[in-house]
A.B. asks: 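I'd like to ask you about the structure that follows.
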Amino acid sequence: MMRLPPFQYVAPESLEQACRFMEEYGSESKLMAGGTDLVPSLKLGNLAPRHIVNLSAIPHLDEIGFDERSGLHLGALVKLHSLEKSPVILEKYPAIAQAATCVGSPQLREMGTVGGNLNIETRCLYYNQPDFWRAFRPTCIKMGGDTCNAIGGGRKCFAVFSGDLAPVMIALGARATLVSAQGERNVAVKELYTGNGAKPLSMKPEEILIGIDLPAPEKGTSSSYSKFAVRKAIDFPLASVATLVTLDGEEKVCRAARVVIGAVGTRPEEVEGIGELLEEKRLTYELIEEAARLAFKAARPIANRGSSPSYRKRMIEVLLRRALSSALSDTELGKEHMR
Amino acid sequence: MSDAFSVIGKRLPRIDALSKATGEAVYTTDINLPHMLHGKILRSPHPHARILDIDTSRAERFPGVKGVITWKDIGSDKKRSFYGAIQPDEYPFAVDKVRFIGDEVAAVAAVTEECATEALKLIRVSYEPLPAVFDPEEAMKPGAPQLHEHAERNISWRLYQDLGDVDEGFLQADYVREDRFVTGLQCHAPLEPHAAVAQANQDGSLTLWASTQRPFAVSWDLAEALGVAPSRIRVIKPHVGGGFGGKMETSAVEFSAVYLARQTHRPVKVVLTREEEFLIGRRRHASTFHIKTGVKRDGTITARDCRSIFNGGAYNSLGIVAVYLSALFLNIPYRVPNIRYEALRVYTNNTPCGAMRGFGSPQTYFAVETQLDMIAEELGIDPAELRIRNGLAAGEVAANQMKIRSTGFAQSITSATELTGWHEKRKRPKAGQGIGIGCNAFVSGPRLRRLPRHTDAHAFSATLMRAHSDGNVTLLTGSADIGQGSDSILAQIAAEELGIPYEQVLVVAGDTEIAPLDYGTYGSRVTMMAGNATRSAAADLKKKILLAVAERLEVNQEDLHIRNGFVGLKDSPEVSIPFSDAVLLCQKKLGGMPAIGEGFFNPEDEGVLDIKALTERGVGNYSPAYSFGTHVTEAEVDPDTGQVEIRKITNAHDCGTPINPMAVEGQLQGSIVMGHAYTLGEEVRLDEGLMLNPNFLEYSMPTSLDACPIEIKLVDVHDPAGPFGAKEAGEGPIAPTAPAIGNAIHHATGVWVTELPIDPERLLQEMERKVTSHSPDEEEKA
Amino acid sequence: MKEAVSLRINGETHELFIEPNTTLLEVLREHLGFTGTKQACDMGTCGACTVLLNNRPALACLILAVACRSKEIVTIEGLRKGDQLHPLQNSFIEQGAVQCGMCTPGMILSAKALLDERPQPTEAEVRTAISGNLCRCTGYTKIVEAILAASNME
């Protein structure tokens with residue numbers, strides 16, 4: 001059995017208690033909810049925090065609330081399983097349910113949380129390995145060394161952000177509430193990610209993510225999440241696409257469009273130029289092809305995950321084409337979870 | 001068929017299913033003994049290096065460490081502790097060189113796993129890294145790094161088969177084609193990793209619990225190394241969480257546990273982590289086949305000339321067996337009157353490759369079966385028909401002397417094609433969908449003494465059966481149920497032969513101190529060999545019991561039978577003696593001695609296999625009986641992603657008489673899904689000899705959502721060699737999976753699959769190439 | 001620093017004194033002898049260590065034991081009631097869904113969680129419910145059949 005490194009364990013029972021602790025010890029601490037990303041990292045020796053702060057006992061962080069004016073509120077401790085089952089999410093934000101269903105396995109969806117999934121560490125074949133394996137290669141940048149093992153001689157870290165919820169949250173314009181002893185701040189979910197593979201999360205060491213808010217969906221808006229992986233369960237995505245499209249009337253004039261691609265870079269990326277390309281135009285298959293090409297160009301994977309970078313780029317294009325075609329033909333993309 | 005039997009052919013639950021379903025079943029990994037220590041193994045970080053020095057002093061002084069071993073504790077006497085199938089080439093711990101990343105160098109026993117893991121870091125090994133080679137063709141070139149002194153050009157084994165007159169055979173052919181096929185690595189990935197718990201006793205004897213397929217082989221290997229009598233080494237096989245060929249050898253895990261236990265005078269448990277299991281578990285060989293086949297216009301095969309290269313990795317392991325078995329698989333199920341085959345197994349600085357379910361047949365049949373479809377297309381013959389035309393018939397002998405006593409080969413083809421509507425679907429496939437066929441033959445255990453050193457005098461399998469006066473019977477067998485259900489099959493065979501209910505047979509298995517010898521689980525031998533030994537023991541016991549009853553009743557023994565646990569007279573139903581009473585009578589007759597039946601199985605009655613002919617030329621009647629099978633596979637290729645969706649695999653399998661159809665189906669289904677994964681999902685990603693995906697996340701074993709729908713049809717053909725006519729069922733069906741999928745893809749897309757695992761990106765590129773080469777516009781533009 | 005932890009397992013309370021960096025799997029297998037919960041990967045990727053936590057499936061290898069206070073934990077050993085096996089255990093046995101048996105405890109518990117929530121699942125729902133439980137022996141066919149058979153028995 002792999003031993004976790006020793007740590008002090010605290011389970012604060014209020015947000016105030018948690019913030020006070022993090023103010024003092026945040027830089028040597030890791031937050032824990034379901035533990036499904038943290039515990040493997042501890043076992044592999046990727047992380048060895050002095051303190052682990054279990055947020056699960058803090059009340060009111062696991063609520064799902066919706067009203068027409070302020071939209072959807074998701075507490076950071078809402079389980080992924082609850083996202084799959086929530087009637088309001090299934091009805092008004094189906095892409096969130098689609099993304100949640102894609103995560104891992106039923107057990108992981110029971111344990112994992114919204115906050116946890118948004119904050120997972122970036123991944124790389126050379127990093128997510130036990131101690132003894134990583135000792136066969138020089139210490140990589142993400143582990144504090146100065147070389148990238150995935151790209152021989154590389155000086156930057158290209159570890160991949162592989163969470164399923166983040167692209168959807170960004171596409172839907174979600175905002176995150178972060179609290180600390182200093183107070184509260186509210187940022188677009190997009191801002192949570194630095195783009196630095198070695199240090200991918202922008203939250204300050206003393207901060208705690210407590211909730212996500214999304215605007216109420218506009219009339220005629222559809223959203224989707226599709227994931228490409230080798231298997232139909234357990235796998236992290238090798239490529240993923242989240243879309244938000246608002247189509248108007250019989251003519252299917254596109255009023256709004258956002259595309260966010262995932263698992264092909266160090267953070268989820270909003271594809272630039274989609275708005276200019278599609279908005280205020282009738283959505284056609286030709287435009288969909290162009291949009292898919294834009295997404296293809298925006299994807300920048302390297303050879304640090306299962307499939308080849310060229311194939312993953314290609315899958316981004318396929319996923320987006322299918323998602324937008326679904327929106328156009330009004331067919332439900334469903335739990336479009338390619339194998 | 002099955003109406004004639006009361007237990008054989010019934011879908012009975014396994015005898016150990018209850019203990020497994022309640023969590024009661026004990027596996028090696030579950031064993032904890034008082035004062036037990038935990039062992040961990042130190043591994044080479046280099047793919048190829050000389051060992052200059054090993055300094056264990058700091059580890060020895062680390063608090064909590066009770067023992068440290070290296071090769072010095074085991075010795076480097078080649079007679080004693082040098083291993084490998086046919087050609088020994090490996091020590092349990094590296095002596096002067098390490099030859100792959102993960103090669104075992106030392107081991108530590110400490111009070112906790114954590115302590116042992118920390119202590120490993122304190123062992124200082126000085127290495128002189130050497131140039132390494134990973135590709136077999138590179139390894140054979142002059143100037144390539146040499147892995148072993150004995151192996152020129154790094155050739156671990158060369159087989160050369162030359163039967164009939166191949167050149168003449170090609171002259172007679174109307175059509176000849178030559179194709180190249182490449183296959184990849186596959187890992188066993190059993191859910192239970194390698195594990196061993198050793199307890200050294202004060203009197204020099206030893207008890208070892210090991211997750212092994214061959215308890216007797218382990219006891220012999222350890223006896224040899226330790227210089228003690230094998231009977232002083234008790235190897236017990238608890239429940240095993242899968243083996244698939246990966247637990248056939250005595251490995252560093254067993255050696256570590258044993259030597260550390262002797263050094264520390266405490267029990268020692270060694271369990272591999274999942275990452276270690278993937279990294280160093282002996283894999284299925286990657287291979288390249290060049291196969292040239294000549295046929296007449298009607299598709300009859302006239303000649304075959306084949307060359308293969310097996311990438312062997314750093315040591316022989318059981319890899320040489322896979323190579324010579326491939327020579328056998330080129331000779332059945334089809335009639336190949338003239339054949340030339342050169343197989344080379346090459347050393348490279350990769351993890352050694354050894355035995356894995358199918359044992360050389362997946363690689364061979366991928367080449368043979370895909371090429372047959374190519375030939376069929378060229379000649380305009382239906383692929384199923386082509387195969388039936390060339391199939392060996394019952395009573396025939398293949399060019400390499402393999403005797404086909406029974407064969408359901410043709411039936412398996414007609415069954416599978418009928419069930420699937422093959423003819424219609426071949427002619428009129430739906431867009432993007434294809435249907436393909438693949439066939440194979442397999443062995444039911446080798447007629448080969450695996451380890452001559454201690455087993456010359458022994459039968460291949462022996463069984464003892466002891467009847468109790470309560471009516472139960474204990475069956476003692478050295479065979480090793482590793483999850484395939486062999487213990488239950490033996491119980492069914494015993495129950496049928498004796499005439500008692502299945503529930504009255506108690507099986508004690510896989511304990512070298514208690515049970516008589518059996519070679520273990522591999523090559524699909526257990527039903528055939530231990531099954532026959534069991535039947536023979538049951539017959540012997542029955543005879544003794546009936547003799548006693550006959551005497552008491554003053555009738556002839558021949559007039560008695562045992563049905564449903566009662567001894568009775570064949571023509572008068574009034575006489576009915578419970579089996580328990582019959583046992584008492586027998587014991588009384590024997591003067592109080594227990595009623596024991598003895599049985600054995602030795603397939604050498606038809607002559608001893610010539611091991612040189614077999615291993616060097618692929619010649620000899622390897623097995624008492626051969627199984628046959630057909631897959632008809634329906635598949636769809638996603639034109640945007642190149643991913644292949646299997647709509648259904650229909651497998652018709654000739655396993656002779658199915659002792660337990662439910663158990664056979666389970667084995668076939670498991671074998672097929674493993675074959676499916678070999679074809680489509682599982683890939684070992686390597687970077688200079690280092691596996692990049694040594695875990696269940698990145699090594700894509702199918703989940704329940706990925707496993708393909710399967711339909712099974714059992715082809716019931718009685719074989720005189722097997723117990724009640726049974727033949728193998730566990731390994732055969734893995735081999736046709738890849739070619740049947742590939743042939744279905746060809747039917748759907750026009751693209752031939754000649755490389756495994758199937759890479760969707762490459763498939764897409766091939767599909768696009770087909771489209772552009774057929775498009776008149778593109779041709780004009782070009 | 002060790003702390004006192006009270007765990008409810010299969011309806012009984014167990015008092016432990018453990019380091020916080022101890023997983024529930026380690027407590028079950030090494031401290032309390034519940035070896036029915038299996039370890040096959042220790043990284044949350046195979047499901048062999050599945051237990052029920054407040055009736056929902058969870059991976060014991062990823063859970064800190066100290067985080068399980070006040071939760072009801074059920075392991076495979078807790079399924080049978082005296083002599084009475086759970087219908088899933090019976091159907092796994094009868095349908096030939098058990099081969100090497102390593103995946104079986106986790107598989108049965110995942111299936112139980114499904115049937116408790118959805119007594120008449122479709123085959124697709126069954127396959128999804130066990131998609132986090134790897135099996136190397138059976139190819140899943142008989143496992144799915146056993147779960148569907150048990151759903152008809154209840």
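Letters A, B, ... mirror the listed sequences (proteins, then strands); counts begin at 1.
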A.B. asks: Would a 4.5 Å heavy-atom cut-off, applied to side chains only, mark A:R305 and A:F236 as touching?
C.D. replies: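 In short, these two side chains touch, coming nearer than 4.5 Å.
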
A.B. asks: Name the member of B:D687, B:V271, B:T117 that forms the most heavy-atom pairs with chain A at distances under 4.5 Å.
C.D. replies: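 That would be B:D687.
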
A.B. asks: Can you check whether A:M2's main-chain N or O pairs, donor with acceptor, with A:K43's side chain at less than 3.5 Å?
C.D. replies: no

A.B. asks: Checking A:R300 side chain against A:G265 main chain: does a donor-acceptor pair fall under 3.5 Å?
C.D. replies: no

A.B. asks: Determine the option with the most heavy-atom pairs under 4.5 angstrom with chain A, choosing from B:T703, B:T273, B:L692.
C.D. replies: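 Maximum pair count with chain A is reached by B:L692.
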
A.B. asks: Measure distances from B:D759 to the heavy atoms of chain A and classify the residue's part below 4.5 Å as side chain, backbone, both or neither.
C.D. replies: neither

A.B. asks: What part of B:M691 gets closer than 4.5 Å to chain A, counting heavy atoms only: side chain, backbone, both or neither?
C.D. replies: backbone

A.B. asks: What part of B:L279 gets within 4.5 angstrom of chain A, counting heavy atoms only: side chain, backbone, both, or neither?
C.D. replies: side chain

A.B. asks: Can you tell me how the ring of A:W133 sits relative to the ring of A:Y126, calling it parallel under 30°, perpendicular over 60° and tilted otherwise?
C.D. replies: perpendicular

A.B. asks: For A:S310, is it the side chain, the backbone, both or neither that has a heavy atom under 4.5 Å from a heavy atom of chain B?
C.D. replies: both

A.B. asks: Which heavy atom in B:Q643 sits nearest to a heavy atom in A:Y311, and how many Å separate them?
C.D. replies: CG-OH, 4.0 Å

A.B. asks: Can a side-chain donor-acceptor contact be found between A:E121 and A:S41 if the only test is distance below 3.5 angstrom?
C.D. replies: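 Distance-only check fails for A:S41 and A:E121.
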
A.B. asks: Side chain from CB out, backbone as N, CA, C, O: work out which of these in A:E317 comes under 4.5 Å of a heavy atom of chain B, or both, or neither.
C.D. replies: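 For A:E317, there is no contact with chain B at all, as no heavy atom is under 4.5 Å.
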
A.B. asks: Once the angle between the rings of A:F7 and A:Y9 is folded into 0 to 90°, is it parallel (under 30°), tilted (30 to 60°) or perpendicular (over 60°)?
C.D. replies: tilted

A.B. asks: Select one option (side chain, backbone, both, neither) describing which atoms of A:R123 are under 4.5 Å from chain B's heavy atoms.
C.D. replies: side chain

A.B. asks: Using a 4.5 angstrom heavy-atom cutoff, name the option from B:D640, B:T112, B:N693 with the most pairs to chain A.
C.D. replies: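 If we count pairs closer than 4.5 Å to chain A, B:D640 comes out on top.
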
A.B. asks: Let me know if B:E761 has heavy atoms under 4.5 Å from chain A in its side chain, its backbone, both or neither.
C.D. replies: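 Both backbone and side chain.
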
